[in-house]
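A, B, ... follow the sequence lines: proteins, then strands. Residue 1 opens every chain. Because only heavy atoms are used, hydrogens play no part in the values below, and waters and symmetry mates are left out as well, while side chains stay in.
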Number of protein chains: 2
Amino acid sequence: MEKPTEYMGVKEIARRANVSIATVDRVIHNRTGVSKKTRTKIMAIIEELNYQPNILASRLASRKTLHLAILIPQSQETDFWAAPLKGIQRAESEIKQYGVQISPYHFDLSDKHSFAEQGKRILAAGVDGVLLAPSFLEEATQFSQDCQKNNIPFVYIDSTLPHQANLCYIGPPLYQSGYLGARLLTFGLARPGKVGVVNISKEVANYNYLPIEEGFRAFFREHQPEKEILRVDIGQTDYASVAAGLAVVLATHPDLAALFVTNSRVSTVATFLEATNRQHLLLIGYDFLPENVAHLRQGTIDFLICHQPEEQGYRGIMALYQSLVFSASIDKVHFMPIDIITEENHEFYRN
Amino acid sequence: MEKPTEYMGVKEIARRANVSIATVDRVIHNRTGVSKKTRTKIMAIIEELNYQPNILASRLASRKTLHLAILIPQSQETDFWAAPLKGIQRAESEIKQYGVQISPYHFDLSDKHSFAEQGKRILAAGVDGVLLAPSFLEEATQFSQDCQKNNIPFVYIDSTLPHQANLCYIGPPLYQSGYLGARLLTFGLARPGKVGVVNISKEVANYNYLPIEEGFRAFFREHQPEKEILRVDIGQTDYASVAAGLAVVLATHPDLAALFVTNSRVSTVATFLEATNRQHLLLIGYDFLPENVAHLRQGTIDFLICHQPEEQGYRGIMALYQSLVFSASIDKVHFMPIDIITEENHEFYRN
DNA sequence: CTGAAAGCGCTTACAG
DNA sequence: CTGAAAGCGCTTACAG
């Protein structure tokens with residue numbers, strides 16, 4: 001450790017401008033109560049010196065805590081949301097030393113109202129920024145507009161909404177993710193046979209993940225237009241429902257050769273294939289969940305696609321922090337990579 | 001932003017212990033000059049209060065700059081090393097506000113002596129920590145031991161050395177990476193034919209990447225022991241040499257169906273395959289370099305394997321920072337994930 | 001072995 | 001519209 005270079009701070013600016021440091025501070029923070037003339041002069045000096053405020057001193061002196069809220073689903077059924085939460089906690093532990101505090105608000109993925117309710121609680125609590133998963137179109141839109149009205153910056157993760165004032169979206173490029181899924185399917189599918197797209201979701205039209213199926217179909221349209229693609233919709237997420245749904249489809253289409261599950265429920269499908277001795281079917285699905293990984297190791301699931309959910313949580317918090325503390329400019333869209341996980345590389349994957 | 005909770009700092013500790021804050025400071029930093037009795041008493045209070053020093057105040061008051069050095073190859077031929085450098089710079093921009101300064105030292109990958117020389121310069125400059133690529137067995141061992149003697153923590157990236165006092169290794173699990181390469185090869189290789197492992201390197205025995213080939217061969221030994229694997233060694237990295245080497249092999253073994261290039265020079269092989277109309281050969285290689293990506297998009301390269309070199313640089317610096325500033329404990333080995341890059345997902349990959 | 005005091009670079013009332 | 005002064009929580013000579 002060694003001594004730094006000469007100091008170029010508010011004191012020096014004040015000296016050159018022949019004012020007090022309080023006035024310099026006012027200009028730096030764009031506060032009122034400075035004559036136009038003085039302001040101009042000080043700004044010129046700041047420019048000239050290429051002054052960078054000392055964040056350490058600034059945050060120490062101001063003694064302010066930054067309050068951030070997160071609004072994400074309660075972990076349930078699958079623990080997909082455990083990963084973003086972990087990333088959020090990692091971010092928190094890194095920046096809490098600099099005075100950041102994070103309050104979690106969880107909603108129930110099968111209850112729109114819980115989202116709206118928790119949103120209201122956040123607004124009432126009065127926070128400085130929000131990280132959210134905009135899982136319900138209408139409720140999330142409403143909440144986003146409320147945030148905007150209150151000048152609270154907000155960040156989307158996992159999925160996004162169009163035409164909102166979100167600071168940024170940090171999540172997967174869903175269309176291309178589905179497209180890659182189709183590519184992996186054909187890569188491993190030398191033999192003929194039909195392909196099934198499996199949607200397992202309680203919500204009739206889960207708008208969030210629609211682009212995945214679009215991308216999937218686009219690939220076949222472009223590369224194998226003659227390939228028959230079956231759509232398998234299963235409206236319940238329990239094993240019995242999934243098994244029943246698949247049994248029907250497989251009875252009707254015995255030449256089904258591959259299944260693409262559009263979300264993390266792929267393990268349920270894998271369990272069914274194992275139970276009915278159909279491991280030879282090619283199976284691809286989403287997310288690095290323990291039960292999915294177990295079937296990957298069994299060889300029943302051939303590929304898992306994953307979008308680094310932990311990193312989404314981490315980067316979402318960091319985007320808010322950088323924006324609020326350093327007034328850093330943030331890219332409106334930050335696409336996560338589309339990761340391919342196999343039996344061979346899974347042990348080094350970290351969400 | 002809101003007011004924080006009540007203060008629990010050195011002042012409070014000093015009050016409770018009935019000493020001055022200077023003495024408290026001495027205990028906190030484990031300095032000499034405190035009676036055993038006082039020390040014990042203060043430590044108990046610190047324990048009781050679960051005191052966490054305010055890093056902001058600490059670094060502001062100490063006015064010290066942390067000097068880190070990086071010792072990595074000069075970017076040349078390929079720009080593989082541009083990526084770690086980028087990650088290092090990203091880390092620097094994040095922590096320079098907290099008084100960290102990074103000095104780059106570059107060596108020539110085809111000149112061991114340049115490594116030793118730059119290492120000496122670093123030692124002479126007297127730094128607080130070093131991030132290095134231990135590219136030369138003997139020289140890197142020597143340098144590591146010198147660092148240890150001087151109590152300078154050092155971190156390895158990209159490859160590692162056994163039995164050294166490095167703070168940690170941040171890089172790929174090479175053996176498993178080669179193993180995955182073989183898996184991808186067989187996945188796409190429905191047809192029969194021989195498989196070639198291509199080593200393109202000026203160094204006769206590039207110890208760094210040997211485990212890749214071992215892992216590759218292990219997969220075939222375990223899954224397809226009858227498969228014939230050719231070894232193709234090319235001692236020069238220019239296109240003419242590579243083309244000549246490949247031409248000979250392909251003439252002798254016309255049934256060669258797939259090539260696995262153990263490093264980032266795979267684009268040279270791709271160029272040759274394109275020039276001789278052999279795009280149908282399966283081709284897998286390493287690293288997300290522009291020229292490799294170009295051949296991936298052409299379809300000549302089927303898969304690129306990559307180990308997030310930018311992240312290696314970033315995390316390497318952060319490990320040093322966390323260790324030096326926060327005395328954080330660091331995992332000795334941090335394996336990077338083994339990423340699979342295809343034509344379909346490459347645009348979202350960021351090293 | 002211990003303490004009083006100045007200072008790090010900035011922010012925040014408060015007074016004018 | 002502007003400034004003097006106290007203070008953020010810690011570190012650093014310096015004096016004893």
Side-chain angles (χ1 to χ4, degrees), chain A residues 1-43 45-46 49-66 96-99 325-327, chain B residues 1-43 45-46 49-66 96-99 325-327:
Chain A
M1 301 214 182
E2 203 179 274
K3 292 289 142 58
T5 51
E6 7 61 78
Y7 159 61
M8 279 290 146
V10 282
K11 222 150 82 186
E12 175 66 11
I13 297 171
R15 197 185 60 73
R16 297 202 189 195
N18 236 305
V19 297
S20 75
I21 56 170
T23 299
V24 173
D25 194 66
R26 289 184 184 100
V27 172
I28 287 171
H29 295 291
N30 242 312
R31 286 197 218 96
T32 56
V34 183
S35 75
K36 184 151 183 163
K37 199 178 145 193
T38 314
R39 185 179 295 274
T40 314
K41 193 206 253 173
I42 292 176
M43 299 225 297
I45 296 172
I46 287 176
L49 258 45
N50 187 231
Y51 168 71
Q52 306 283 44
N54 183 322
I55 307 293
L56 256 43
S58 167
R59 293 199 64 72
L60 176 61
S62 86
R63 300 176 39 90
K64 276 179 192 154
T65 299
L66 209 58
K96 74 176 166 208
Q97 313 147 341
Y98 308 126
V325 174
F326 303 108
S327 304
Chain B
M1 300 215 186
E2 202 180 273
K3 292 289 144 56
T5 50
E6 10 57 81
Y7 160 61
M8 278 291 145
V10 282
K11 222 149 81 184
E12 175 67 13
I13 298 171
R15 196 185 61 72
R16 298 201 187 195
N18 236 305
V19 297
S20 75
I21 55 170
T23 299
V24 173
D25 193 66
R26 289 185 184 97
V27 173
I28 287 171
H29 295 291
N30 241 312
R31 286 197 217 94
T32 57
V34 183
S35 76
K36 183 150 184 161
K37 197 178 148 195
T38 314
R39 184 179 296 273
T40 314
K41 193 206 254 173
I42 292 176
M43 298 225 296
I45 297 172
I46 287 176
L49 258 45
N50 187 232
Y51 168 71
Q52 304 284 43
N54 183 322
I55 306 293
L56 255 43
S58 167
R59 293 199 63 71
L60 176 62
S62 85
R63 299 179 37 94
K64 276 178 192 157
T65 300
L66 208 59
K96 73 175 167 206
Q97 314 145 342
Y98 309 126
V325 173
F326 304 107
S327 303

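- Which of D/dT12, C/dT2, D/dG9 sits closest to the side chain of B/S62 comes down to D/dT12.
- Neither OP1 nor OP2 of D/dG9 sits under 4.0 Å from any side-chain N or O of B/S58.
- Going from atom CZ of A/R16 over to atom NZ of A/K41 covers 13.0 Å, rounded to the nearest 0.5 Å.
- Checking the phosphate oxygens (OP1, OP2) of D/dT12, a side-chain nitrogen or oxygen of B/K64 falls inside 4.0 Å.
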Bracket string, DNA chain C, 5' to 3' - pairs by Watson-Crick or G-U geometry under 3.5 Å, | interstrand: |||.||||||||.|||
Working note: A/Y51 + A/V10, criterion side chain to side chain contact (heavy atoms under 4.5 Å, CB included); need CA distance, chi angles, decisive distance, verdict. CA-CA 9 Å; A/Y51 168 71; A/V10 282; 3.8 Å; yes
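- In this structure, A/N18 and B/Y51 both approach DNA chain D, and ranking their closest nucleotides by distance from the 5' end singles out A/N18.
- For A/T38, the side-chain contact (heavy atoms from CB on, under 4.5 Å) criterion is met by A/V19, A/T23, A/V34, A/S35, A/I42, not counting sequence neighbours.
- From B/K96, atom NZ reaches atom CD1 of A/I55 across 11.5 Å, with rounding to the nearest 0.5 Å.
- A/I21 comes within 4.0 angstrom of a base, heavy atoms only.
- Contacts between residues 29-37 of chain B and DNA chain D, defined by a heavy-atom separation below 4.0 Å, involve B/H29, B/R31, listed by number.
- The nearest whole Å value for the distance from the CD1 atom in A/I55 to the P atom in C/dC8 is 19 Å.
- In plain terms, the two heavy atoms of B/T32 and B/R39 that are nearest each other are CA-NH2, 4.1 Å.
- In this structure, A/I42 atom CD1 and D/dC1 atom C1' are separated by 11 Å, rounded to whole Å.
- For the residue pair A/L56 and B/L60, the shortest heavy atom distance occurs at CD2-N, 3.9 Å.
- Rounded to whole angstrom, the span from the CD atom of B/E12 across to the P atom of D/dC8 amounts to 13 Å.
- B/L60 places its CG atom 6 Å from the C1' atom of C/dG9, with the value rounded to the nearest Å.
- Rounding to the nearest 0.5 Å places CZ of B/R26 at 6.0 Å from OG of B/S20.
- Nucleic acid contact class of A/I28 (heavy atoms, under 4.0 Å, all strands): none.
- A/R15 pairs by the salt bridge (charged side-chain N to carboxylate O under 4.0 Å, His left out) definition with A/E12, not counting sequence neighbours.
- Taking atom CG of residue A/N54 and atom P of nucleotide C/dG9, one finds them 7 Å apart after rounding to whole Å.
- Atom CG of A/N54 and atom CZ of B/R59 lie 11.0 Å apart (nearest 0.5 Å).
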So which protein N/O to nucleotides 14-16 of chain C N/O distances come out below 3.5 Å?
none

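- Nucleotide D/dG9 holds its P atom 14 Å from the CG atom of B/L49, rounded to whole Å.
- When rounded to the nearest whole Å, the span between CZ of B/R15 and P of C/dG3 equals 15 Å.
- The distance from the CD atom of A/Q52 to the CD1 atom of A/I46 is 10.5 Å, given to the nearest 0.5 Å.
- One interatomic measurement links the two molecules: NZ of B/K41 to P of C/dC1, which rounds to 16 Å at whole-angstrom precision.
- OP1 or OP2 of D/dG3 sits under 4.0 Å from a side-chain N or O of A/S20.
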